[in-house]
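Because the structure is predicted, anything quoted here is derived from the model rather than measured. Numbering of residues begins at 1 and proceeds along the displayed sequence.
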Amino acid sequence: MPLTYSPPIRDMQFVLHEWLGVTKHLQQLPRYAEFDQDTFNAVLEEAGKFASEVLAPTNSVGDLQGCQLDRTNHSVTTPDGFKEAYAQYVEAGWPALACEPEYGGQGLPFVINQCVFEMLNSANQAWTMYPGLSHGAYEALHAHGSDSLKALYLPKLTSGQWTGTMCLTEPHCGTDLGLLRTKAEPQADGSYALTGNKIFISAGEHDMAENIVHLVLARLPDAPAGSKGISLFVVSKFKLDANGELGERNPIFCTGLEHKMGIHGNATAQLTLDGAIGHLVGEPHKGLMAMFVMMNGARLGVGNQSLGLTEIAFQNALAYAKERLQMRSLSGPKAPELPADPIIVHPDVRHQLMSAKAYAEGGRMLGSYCGLLLDQAHHSADAEQRQQALSQLALLTPVVKAFLTDNGLSATIGCQQVFGGHGYIQETGMEQLVRDARINLIYEGTNAVQALDLLGRKVLGDQGKALTAFGKQIGAWGKEHSQEPKLIEFLLPLQNLGERLTELTQALGGKAMRNPDEVGVAAVDYLRIVGHLTFGWLWAQAAQVAIAAIADGKTDPIYPAKLETAKFYFTRLMPEVETAFKRLQANANSVLKTSHALA
């Protein structure tokens with residue numbers, strides 16, 4: 001019984017139109033003034049068909065076959081169906097969806113692109129990483145590339161004719177990029193010759209497109225030590241002439257493929273640069289700032305990957321639970337005509353299913369909300385709105401990456417548990433989802449690094465200004481709806497959590513001034529608390545929309561379902577914060593003073 005996938009179009013419509021009011025917000029931005037709700041819905045419908053009908057059938061094949069490296073010519077062959085699916089993707093114009101019209105793009109909002117990529121991730125995360133990284137390379141070049149580089153590369157990335165990568169990690173350094181050693185030597189013609197080794201390069205070599213555009217971090221000869229001496233270069237797999245035509249092979253070669261726990265269909269490459277010709281992107285020694293455009297986009301993308309896996313895991317576990325017969329309900333038979341009851345009657349099974357549903361639909365709200373913030377940050381005519389959107393997006397990006405991927409692993413494991421022994425074998429596909437979900441907590445900065453970024457840089461680093469503004473926004477919404485009696489069960493816990501988070505933040509700020517290690521001890525629990533506050537706010541809003549719709553006489557079953565899921569979230573998932581608060585009250589020395597235990 002292989003995995004099946006049904007695009008969650010109705011829930012996306014609820015999130016985009018009934019909750020977020022995305023069309024109204026987008027039409028206030030000059031860039032999107034002409035787009036309407038029908039256009040957005042049509043895009044989602046067609047993307048859903050591609051994801052479910054074309055891409056999803058390649059998922060298990062990609063997992064079983066993986067990618068194959070020919071060491072004689074450094075070429076990589078992707079699994080059966082990958083290349084053909086990508087050709088259909090390009091032919092339909094999907095790579096151009098959110099790209100600039102001046103480079104051949106369709107100019108749609110990022111928030112819609114986010115929904116499209118959620119469906120692609122559900123269908124096949126490993127495959128989706130190829131075009132996902134290409135879009136990140138596009139954004140980095142668009143933000144920091146010279147006019148000539150943009151003219152050379154962006155049209156081909158927009159069309160999907162070329163794909164992109166980000167080349168950061170080296171054998172001796174991961175997150176600490178200040179340690180990287182790859183060198184870039186200036187050439188007489190203004191180009192640079194790059195020499196070094198990169199590892200863990202997703203989509204680093206493949207047969208799906210005619211060329212690969214590598215964005216590579218390296219050091220110039222006069223580079224200062226550390227992260228302030230890093231520059232960014234664009235290195236084409238094939239050298240390009242002045243017209244952008246492909247020439248001879250550039251010496252950036254795949255010398256190995258990682259044999260991974262999951263995402264087997266993506267070529268995670270070891271790359272060797274042996275005098276590969278590249279061109280500087282942005283200013284010398286400021287490459288990390290330029291690359292952060294791609295890295296921050298990738299962090300939102302990784303959260304979206306786990307959202308996609310959570311959704312497909314939930315769908316398949318729900319279908320299985322309705323059909324699988326096992327024992328009788330504790331309160332008496334629910335299907336007396338059958339030899340046993342479907343396992344969906346059992347409380348723990350329902351708990352696992354509801355957890356996955358709450359995390360998937362909450363993640364969809366957060367991802368869409370951040371997508372709208374990104375559109376506002378880039379395209380609002382109001383400078384103050386742009387700044388506010390950027391500030392809140394910076395605050396929420398580590399939450400999207402870490403909270404959604406934590407939740408995604410928990411949800412896929414829970415859905416695997418619903419399958420019992422059948423979840424542990426290959427035929428159902430559930431164990432693949434767990435393996436694929438595991439990587440999302442690690443790459444693009446581990447979740448502990450995201451937590452340090454949130455607490456150390458985004459909260460304490462700006463004296464809590466962004467967090468305070470976010471808290472005021474939540475508080476204002478709560479005040480606006482404080483007279484609605486059916487919302488009290490959501491508003492009171494939300495208010496209480498917000499007040500406790502404020503007190504906690506102030507206390508951690510004082511501790512951090514005395515001992516910076518306090519931040520490291522507290523960060524992971526702190527991010528979980530912020531994540532639950534954010535999800536609580538989102539679920540309270542979803543409940544408010546559902547309550548109003550029911551009061552208006554609307555009979556769509558999505559509304560009582562939203563209300564039930566919101567109640568489940570507040571009573572069964574949000575209480576996780578109590579454990580986090582309890583740990584944060586403990587003396588940090590229980591972690592720090594462990595030299596004997598860890599000798």
Side-chain angles (χ1 to χ4, degrees), residues 50 54-92 94-95 117 120-121 123-138 153 156-169 197-216 234-240 246 248-260 262-273 276 278 294 298 301-302 305 436 439 443-444:
F50 175 83
V54 177
L55 191 54
T58 68
N59 194 27
S60 61
V61 175
D63 184 60
L64 292 172
Q65 290 185 359
C67 296
Q68 305 299 319
L69 170 64
D70 184 339
R71 293 185 178 276
T72 61
N73 60 14
H74 307 288
S75 66
V76 170
T77 303
T78 52
D80 292 347
F82 272 45
K83 187 175 182 179
E84 293 76 11
Y86 186 74
Q88 288 184 246
Y89 179 80
V90 170
E91 184 179 1
W94 291 115
F117 266 78
L120 300 180
N121 282 317
N124 188 337
Q125 173 178 321
W127 181 95
T128 303
M129 292 168 67
Y130 294 96
L133 285 161
S134 301
H135 194 73
Y138 169 95
Y153 288 101
K156 298 292 179 66
L157 287 170
T158 297
S159 69
Q161 191 172 344
W162 297 350
T163 63
T165 75
M166 52 192 301
C167 299
L168 288 76
T169 306
N197 296 285
K198 299 289 183 177
I199 64 169
F200 299 157
I201 308 305
S202 300
E205 179 61 49
H206 57 82
D207 59 352
M208 289 166 52
E210 66 178 22
N211 190 33
I212 302 174
V213 179
H214 300 283
L215 290 186
V216 184
V234 58
V235 180
S236 174
K237 175 179 173 179
F238 291 94
K239 295 179 181 179
L240 307 178
L246 302 182
E248 64 178 343
R249 188 72 161 82
N250 210 359
I252 176 170
F253 295 117
C254 177
T255 51
L257 289 179
E258 307 297 348
H259 300 282
K260 310 183 299 292
I263 55 167
H264 294 158
N266 195 270
T268 306
Q270 302 166 12
L271 297 180
T272 296
L273 297 93
M294 192 172 187
V302 172
Q305 288 176 340
D436 287 352
I439 184 65
Y443 58 12
E444 300 314 326

Taking side chain as C-beta onward, heavy atoms only, is [X] less than 4.5 Å from [Y]?
| X | Y | value |
| --- | --- | --- |
| Leu271 | Cys167 | yes |
| Asn59 | Trp127 | no |
| Lys260 | Phe200 | no |
| Leu133 | Met166 | yes |
| Thr78 | Tyr130 | yes |
| Leu257 | Val76 | yes |

Could you tell me if Asp80 and Gln65 have a donor-acceptor pair between their side chains, going purely by distance under 3.5 Å? yes

Quick one: closest heavy-atom pair of [X] and [Y], and the distance?
| X | Y | answer |
| --- | --- | --- |
| Leu215 | Val234 | CD2-CB, 3.8 Å |
| Leu246 | Trp162 | CD2-CZ2, 3.7 Å |
| Phe238 | Asn211 | N-OD1, 3.2 Å |
| Ala276 | Pro251 | CB-O, 3.5 Å |
| Ala209 | Thr163 | CB-CG2, 3.7 Å |
| Ala267 | Glu205 | CB-O, 3.2 Å |

So Phe253 and Leu273, side chain to side chain contact (heavy atoms under 4.5 Å, CB included) or not? Walk me through it. CA-CA 7 Å; Phe253 295 117; Leu273 297 93; over 6 Å; no

Knowing that exactly one of His214, Lys237, Lys198 qualifies, which makes a side-chain hydrogen bond (donor to acceptor under 3.5 Å, both in side chains) with Thr165? His214

Hey, what do you get for [atom1] ([X]) to [atom2] ([Y]), rounding to the nearest 0.5 Å?
| X | Y | atom1 | atom2 | answer |
| --- | --- | --- | --- | --- |
| Ile201 | Ile212 | CD1 | CD1 | 11.5 Å |
| Ile199 | Thr169 | CD1 | OG1 | 6.5 Å |
| Asn73 | Arg249 | CG | CZ | 9.0 Å |
| Thr268 | Ile439 | OG1 | CD1 | 7.5 Å |
| Asp63 | Gln125 | CG | CD | 11.5 Å |
| Cys254 | His74 | SG | NE2 | 8.5 Å |

Run Thr77 and His206 through side chain to side chain donor-acceptor pair (under 3.5 Å) and show every step you take. CA-CA 6 Å; Thr77 303; His206 57 82; over 6 Å; no

Cut-off 3.5 Å, no hydrogens considered: what does the side-chain donor-acceptor table look like for residues 82-92, sequence neighbours left out?
from	atom 1	to	atom 2	distance (Å)
Glu84	OE1	Gly81	N	3.3
Tyr86	OH	Gly160	O	2.7

May I have the step-by-step check of side chain to side chain donor-acceptor pair (under 3.5 Å) for Asn250 and Ser236, ending in yes or no? CA-CA 7 Å; Asn250 210 359; Ser236 174; 5.8 Å; no

Is His264 reaching over with its side chain to a backbone N or O of Gly66, donor-acceptor style, under 3.5 angstrom? no

Say whether, by atom type as modelled, one donor and one acceptor occur between the side chain of Asn124 and the main chain of Ala56 under 3.5 angstrom. no

Between Cys67 and Asn266, is the side chain to side chain contact (heavy atoms under 4.5 Å, CB included) condition met? List the steps. CA-CA 7 Å; Cys67 296; Asn266 195 270; 5.9 Å; no

